[in-house]
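What follows is a short report on a single structure.
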Amino acid sequence: MIQKMKARNFLFMVLLAAAAGCAKAPVQLPLVDPAAFGGELDGKKVELFTLKNESGMTVQITNFGGRVVDLWVPDKNGKMEDVVLGYATLDGYLQSNEIYFGTLVGRYGNRIGQARFAIGDSVYVLAANNGANHLHGGVKGFNNVVWDAVQNDEGTLLLSYLSPDGEEGYPGNLQVNVTYELTSDNELKIEYRATTDKATPVNLTHHSYFNLKGAGVGDINDHLLMINAAAFTPVDSGLIPTGEIASVEGTPFDFRQPTAVGARVNEDHQQLKYGLGYDHNWVLTPADSGLTLAARVVEPVSGRTMEVYTNEPGIQFYGGNFLNGQDTGKNGMVYHHRGALCLETQHFPDSPNQQQFPSTLLEPGQEYYSVCIYKFGVEDTAAK
Ligand code: GLA
């Protein structure tokens, strides 16, 4: 009897072990260690928050600039990879040549010409931090401040910041609230809300540097890009829009059909010379209802895809032209020229000085609302 029981127990153990072997072990991602990431800045604690969804997609975000530090998404075989450039420590960000890795951008995303604008009879002079022009909110834009952060659940992070009246030259106390949400559909959804006590321009965006092969792996010349736009806003040599809305037809700016990013980037075109490649705002063709599919990226080898949805009228496609191999990020990866791309949903650059562009003025009593969704998926490109 005892013998029989022993044999049965043994069989049970064997079956249990076999079942455990078959069950998929949860993949342990080499995430950035929150305990080793932060520190203190401007008397505030810098922290790192981890968001996860049911399928294992994971994003880590710091309240320093509201930066996405890493973003893990599967390829067509389920292999996870970190697809954004960044650092494993706050110090890494503070010492970097590129100050916009993964960050929230404000109070005004992209450039304002001659670092000034007028509202009625009042002229406002902003910080000139890009030659004579103002870029991404100034010397200490929203990328360089420590936000207040609350993580209520595994999928959502709330960030808030009160930008004081006069900061970087802007009028009005601006209360900004940003929600990062990781959805069960493998979307990173960013919602921006703001209110002010004086009229002010507002144009908030997000500045992740994506490489769907993996952060630091080669360049993005072979990524296929679709931008849902029939026109773009040409710029002058300082990258300030000339005011023209130009058709993309017959130019290297026509991405209505998916095209390799590098296919035309070195063509002899004045706009590509000014941008040192792609660094322009496209005028989106808005959806009839709901959010507009602004852009779609496919990385043919891994099969990873990224779609960008927004309620904004424009998108800045920046091809990583200023990356130069001088920054070494997470895991010792070197960030080479055109090693990543940014797709920044936005109102058009220099709108405060261009009456014909959609207005960016926020008045007291109004609420600014902007949404950007980066939706990740896979496509079996080999099967096509
Ligand atoms: C933007 C600008 C670029 C560059 C990058 C950051 O997207 O349009 O010219 O400043 O940010 O390096």
Side-chain angles (χ1 to χ4, degrees), residues 34 37-52 59-71 84 86 90 93-94 99-110 127 136-183 187-208 310-312 344-347 360-374:
F37 178 82
E40 237 191 55
L41 204 67
D42 302 337
K44 283 180 142 184
K45 203 170 166 209
V46 172
E47 291 176 272
L48 185 67
F49 301 86
T50 305
L51 275 56
K52 265 188 202 143
V59 57
Q60 293 188 290
I61 302 170
T62 170
N63 59 333
F64 172 59
R67 290 162 194 260
V68 169
V69 168
D70 58 5
L71 175 63
V84 295
L90 170 63
Y93 286 96
L94 295 176
I99 60 173
Y100 300 110
F101 280 142
T103 198
L104 294 176
V105 179
R107 189 178 294 201
Y108 198 97
N110 217 276
H136 289 334
V139 176
K140 193 162 182 180
F142 294 178
N143 56 305
N144 274 335
V145 302
V146 183
W147 295 63
D148 293 322
V150 179
Q151 182 170 11
N152 284 332
D153 53 57
E154 230 190 4
T156 320
L157 182 69
L158 310 176
L159 296 171
S160 51
Y161 176 64
L162 176 64
S163 168
D165 190 2
E167 187 178 46
E168 300 291 314
Y170 289 100
N173 292 294
L174 187 76
Q175 176 63 51
V176 189
N177 298 313
V178 176
T179 307
Y180 276 108
E181 185 188 347
L182 194 53
T183 74
E187 298 166 326
L188 178 64
K189 180 174 181 183
I190 312 170
E191 287 180 291
Y192 308 82
R193 291 183 173 82
T195 52
T196 184
D197 57 6
K198 282 184 195 160
T200 178
V202 181
N203 192 29
L204 306 179
T205 191
H206 175 80
H207 214 301
S208 269
T310 189
N311 62 345
E312 290 290 333
E344 307 154 55
T345 57
Q346 61 181 13
H347 270 54
T360 51
L361 200 67
L362 181 72
E363 307 266 7
Q366 298 178 331
E367 187 185 54
Y368 171 92
Y369 177 75
S370 177
V371 55
C372 172
I373 296 175
Y374 295 105

Practice task
Under the salt bridge (Lys or Arg N to Asp or Glu O under 4.0 Å) rule, collect the residues that match up with Asp153, sequence neighbours excluded.
Solution key: none
Handout entry: Contact check, side chains of Asn152 and Leu158, non-hydrogen atoms, under 4.5 Å
Key = yes
Exercise for the section: With sequence neighbours left out, write down each residue that passes ring pair (Phe, Tyr, Trp, His ring centres under 6.0 Å) with Tyr161, or none if nothing qualifies. Expected result: Phe142, Trp147
Exercise for the section: List for me each residue that meets side-chain hydrogen bond (donor to acceptor under 3.5 Å, both in side chains) alongside His206, sequence neighbours excluded, and say none if there are none. Expected result: Tyr180, Ser208
Handout entry: Pairing residues for Thr183 by the side-chain hydrogen bond (donor to acceptor under 3.5 Å, both in side chains) criterion, not counting sequence neighbours
Key = Glu187
Problem - Any residue meeting salt bridge (Lys or Arg N to Asp or Glu O under 4.0 Å) with Asp148, in chain and number order, not counting sequence neighbours - result: Lys44
Handout entry: Those residues that, when tested against Lys52, pass salt bridge (Lys or Arg N to Asp or Glu O under 4.0 Å) (two or more places apart)
Key = none
Problem - Partners passing side-chain hydrogen bond (donor to acceptor under 3.5 Å, both in side chains) against Asp70 (at least two apart in sequence or in another chain) - result: Trp72
Practice task
Can you sort out the partners of Ser370 under side chain to side chain contact (heavy atoms under 4.5 Å, CB included), two or more places apart, ordered by chain and number?
Solution key: Tyr192, Asn311, Glu312, Tyr368
Problem - Side-chain donor or acceptor of Ser160 paired with backbone N/O of Val176 under 3.5 Å - result: no
Handout entry: Sidechain-backbone polar pair: Asn203 side chain, Gln346 backbone, donor-acceptor under 3.5 Å
Key = no
Handout entry: Thr205: side-chain hydrogen bond (donor to acceptor under 3.5 Å, both in side chains) partners, not counting sequence neighbours
Key = none
Completion exercise
Rounded to the nearest 0.5 Å, the OH atom of Tyr170 sits from the NZ atom of Lys198 at a distance of 15.5 Å
Handout entry: Which residues share a ring pair (Phe, Tyr, Trp, His ring centres under 6.0 Å) with Phe64, sequence neighbours left out
Key = none
Handout entry: Side-chain heavy-atom pair Val145, Asp42 within 4.5 angstrom cut-off
Key = no
Problem - 4.5 Å side-chain heavy-atom contact, Arg107 and Leu362 - result: no
Exercise for the section: Indicate yes or no for a side-chain donor-acceptor contact from Asn63 to the backbone of Glu47 under 3.5 Å, with no hydrogens or angles considered. Expected result: yes
Handout entry: Non-neighbouring partners of Tyr100 that pass ring pair (Phe, Tyr, Trp, His ring centres under 6.0 Å), sequence neighbours left out
Key = His136, His207
Handout entry: Rounded distance (nearest 0.5 Å) linking atom OG1 of Thr200 with atom CD of Glu167
Key = 10.5 Å
Practice task
Taking the side chain as every heavy atom from C-beta outward, state whether Gln366 and Leu361 have any pair of such atoms under 4.5 Å apart.
Solution key: no
Exercise for the section: Report yes or no: does Glu181 contribute a side-chain atom to a donor-acceptor pair with the main-chain N or O of Gly155 at less than 3.5 Å? Expected result: no
Handout entry: Donor-acceptor contact below 3.5 Å, side chain Arg67 vs main chain Asn143
Key = yes
Fill in the blank from the handout: Rounded to the nearest 0.5 Å, the CD atom of Glu344 sits from the CG atom of Leu204 at a distance of 12.5 Å
Problem - Gln60 side chain to Thr50 side chain, donor-acceptor N/O pair below 3.5 angstrom - result: yes
Problem - Residues that Glu363 engages under salt bridge (Lys or Arg N to Asp or Glu O under 4.0 Å), provided they are two or more places apart - result: none
Problem - Separation of Asn144 CG from Glu168 CD (nearest 0.5 Å) - result: 9.0 Å
